Amino acid sequence: MYCTVNCSILFTDLPLLQRPAAARAAGFDAVEFWWPFETSVPADHDVDAFVRAIDDAGVQLSGLNFHAGNMPGGDRGLASWPARSQDFVDNLDVVAGIGERTGCRAFNALYGNRQEGLDPAAQDELGVENLARAGRVVARFGGTVLLEPLSGAPAYPLRTAQDALDIMAKVRDAGVDNVRLLADFYHLAVNGDDVEAVIEAHAAEFGHIQIADAPGRHEPGTGGLPLQRWITRSRELGYTGRVGLEYQASQEDPFAWLSPVTTV
């Protein structure tokens with residue numbers, strides 16, 4: 001099973017620091033998290049407790065989000081948000097420190113919503129600058145920055161794979177080449193993107209894949225997306241990374257769909 005469990009959306013009946021152990025008990029050897037703290041620069045003892053929970057569970061931290069603001073309140077990242085740009089910058093060394101301590105090498109930088117009254121082009125200029133800055137920081141230890149199209153957030157400007165690829169091209173023009181597409185098949189499908197075409201054109205370059213079924217954002221098999229076919233084709237075309245399970249549990253056993261013969 002070459003999966004990683006997103007412990008910010010699964011095992012939510014448990015305190016956050018107990019979730020890595022729950023993932024291990026469920027048979028997984030890797031976990032990923034959205035930013036697990038309320039601030040960009042949490043107290044050292046809080047970071048230590050998070051790292052210790054990963055280590056004690058015996059799982060690999062395979063992915064971590066940069067601070068994205070108040071997600072329940074509607075924020076979707078800080079990278080292109082002028083009023084919160086310094087929070088993003090301040091977060092970089094903390095994220096890098098966790099990466100160096102845990103061996104995590106993939107870091108998701110949510111781009112940020114469009115802000116009313118601000119020039120979108122100016123926000124994009126800032127977003128590119130901050131993504132490049134993040135790429136340089138994590139490149140010191142072999143890290144990759146992920147850029148993700150999202151659904152369900154009308155003010156979020158990256159909705160299709162091409163939206164993200166266009167920003168990534170600008171980051172490359174700035175001299176930074178370790179920003180990769182996070183292909184969340186749920187978000188792409190819900191937004192009406194041609195997921196199969198994205199896979200055919202870019203699978204070998206994906207920085208990460210995440211899955212949930214649609215409608216509902218629940219376990220594979222609860223909706224109509226051909227997730228297994230998309231994963232298989234991505235692997236045929238060169239994707240070698242893990243598949244992130246980033247769905248909301250709707251069943252008593254949210255991993256029952258993962259039979260022994262399931263190849264993900």
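It should be emphasised that the depicted structure is a prediction, and the values quoted were computed from it without experimental measurement. Each residue takes its place number in the sequence, starting with 1.
- Not a single donor-acceptor pair under 3.5 Å links the side chain of Asn91 to the backbone N or O of Phe66.
- Side-chain atoms of Gln251 do not come within 3.5 Å of backbone N or O of Ala256 as any donor-acceptor pair.
- Between the side chain of Asp213 and the backbone N or O of Gly221 there is at least one donor-acceptor pair closer than 3.5 Å.
- Salt bridge absent: Asp56 and Arg24 never bring a charged side-chain N and a carboxylate O closer than 4.0 Å.
- Under the 4.5 Å side-chain heavy-atom criterion for Ile, Leu, Val, Met, Phe, Trp and Tyr, Leu158 and Leu131 are members of the same hydrophobic cluster.
- One N or O on the side chain of His218 and one on the backbone of Gln248 form a donor-acceptor pair closer than 3.5 Å.
- Side-chain atoms of Gln123 come within 3.5 Å of backbone N or O of Gln115 as a donor-acceptor pair.
- Tracing side-chain contacts under 4.5 Å through hydrophobic residues (I, L, V, M, F, W, Y), one never reaches Ile211 starting from Leu146; they form parts of separate clusters.
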Does Phe37 form a side-chain contact (heavy atoms from CB on, under 4.5 Å) with His67? I'd like the steps, not just the answer. CA-CA 8 Å; Phe37 310 103; His67 189 207; over 6 Å; no

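- For the residue pair Thr232 and Gln228, a side-chain donor N or O sits within less than 3.5 Å of a side-chain acceptor on the partner.
- The CE atom of Met168 lies 8.5 Å from the NE2 atom of His202; values are rounded to the nearest 0.5 Å.
- One distance of note links CD1 of Ile167 with CG of Leu181; it measures 12.5 Å at 0.5 Å rounding.
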With side-chain contact (heavy atoms from CB on, under 4.5 Å) as the criterion, how do Leu227 and Phe185 come out once you've worked through the C-alpha distance, each side chain's angles and the decisive distance to 0.1 Å? CA-CA 8 Å; Leu227 294 169; Phe185 291 158; 4.0 Å; yes

Step by step, work out the side-chain contact (heavy atoms from CB on, under 4.5 Å) result for Asp124 and Arg114. CA-CA 9 Å; Asp124 286 339; Arg114 292 301 194 208; 2.9 Å; yes

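- Formation of a donor-acceptor pair under 3.5 Å by the Asn178 side chain with backbone atoms of Gly143 is found in this model.
- For the pair Pro20 and Val31, the tightest heavy-atom approach, listed with the atom from each and the gap, is CA-CG1, 4.4 Å.
- Nearest heavy atom pair, residue Glu205 against residue Arg180, reads O-CD, 3.6 Å.
- Between the side chain of Asp163 and the backbone N or O of Thr160 there is at least one donor-acceptor pair closer than 3.5 Å.
- Separating the OG atom in Ser40 from the CD atom in Gln86 is a distance of 9.5 Å, to the nearest 0.5 Å.
- The two atoms that bring Ala189 and Leu225 nearest to each other are CB-CD2, 3.8 Å, heavy atoms only.
- Just one of Glu32, Arg242, Glu148 meets the side chain to side chain donor-acceptor pair (under 3.5 Å) condition when paired with His208; it is Glu32.
- The 12-atom threshold is not exceeded at CG of Asp44, counting heavy atoms of other residues, nucleotides or ligands nearer than 6.0 Å.
- Side-chain contact check for Pro220 versus Leu258: every heavy-atom pair is 4.5 Å or farther apart.
- For the residue pair Phe206 and Ile209, the shortest heavy atom distance occurs at CD1-CG1, 3.7 Å.
- A chain of hydrophobic side-chain contacts below 4.5 Å, direct or via other Ile, Leu, Val, Met, Phe, Trp or Tyr residues, connects Leu147 to Leu64.
- Of the possible donor and acceptor atoms, one in the side chain of Asp193 sits under 3.5 Å from a partner among the backbone N and O of Ala161.
- Proximity of Val94 to Pro42: side-chain heavy atoms (C-beta onward) are separated by under 4.5 Å at one or more points.
- The shortest heavy-atom contact between Gly135 and Val176 is CA-CG1, 4.0 Å.
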Go through Tyr247 and Leu10 one step at a time and tell me if the side-chain contact (heavy atoms from CB on, under 4.5 Å) criterion holds. CA-CA 7 Å; Tyr247 51 76; Leu10 287 161; 3.9 Å; yes

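- In this structure, CZ in Phe88 is found 9.5 Å from OG in Ser80, a value given to the nearest 0.5 Å.
- Connection of Val89 to Val47 is not established within any shared hydrophobic cluster, with ILVMFWY side chains joined at heavy-atom distances below 4.5 Å, either directly or through further cluster members.
- When the shell of 6.0 Å around CD of Glu125 is examined, it contains 12 or fewer heavy atoms from other residues, nucleotides or ligands.
- Put simply, the side chain of Val95 reaches to within 4.5 Å of the side chain of Trp35, judged on heavy atoms.
- Note that CG of Asp184 and CZ of Arg217 are 6.0 Å apart. Values are rounded to the nearest 0.5 Å.
- Hydrophobic clustering (side-chain heavy atoms under 4.5 Å, transitive across Ile, Leu, Val, Met, Phe, Trp, Tyr) groups Leu245 together with Leu61.
- Between Phe33 and Phe50, the two ring planes are perpendicular [angle over 60°; tilted spans 30° to 60°].
- No donor-acceptor distance shorter than 3.5 angstrom exists from the side chain of Asn6 to the backbone of Glu246, with no hydrogens or angles considered.
- To the nearest 0.5 angstrom, Ile54 atom CD1 is 9.5 Å from Ile98 atom CD1.
- Note: Tyr156 and Tyr111 have perpendicular aromatic rings, judged against thresholds of 30 and 60 degrees for the angle between ring planes.
- For the pair Arg101 and Asp48, the minimum side-chain heavy-atom distance is below 4.5 Å.
- Between the side chain of Asn113 and the main chain of Gly74, a donor-acceptor pair closer than 3.5 Å is present.
- The shortest heavy-atom contact between Pro157 and Gly112 is CD-O, 3.2 Å.
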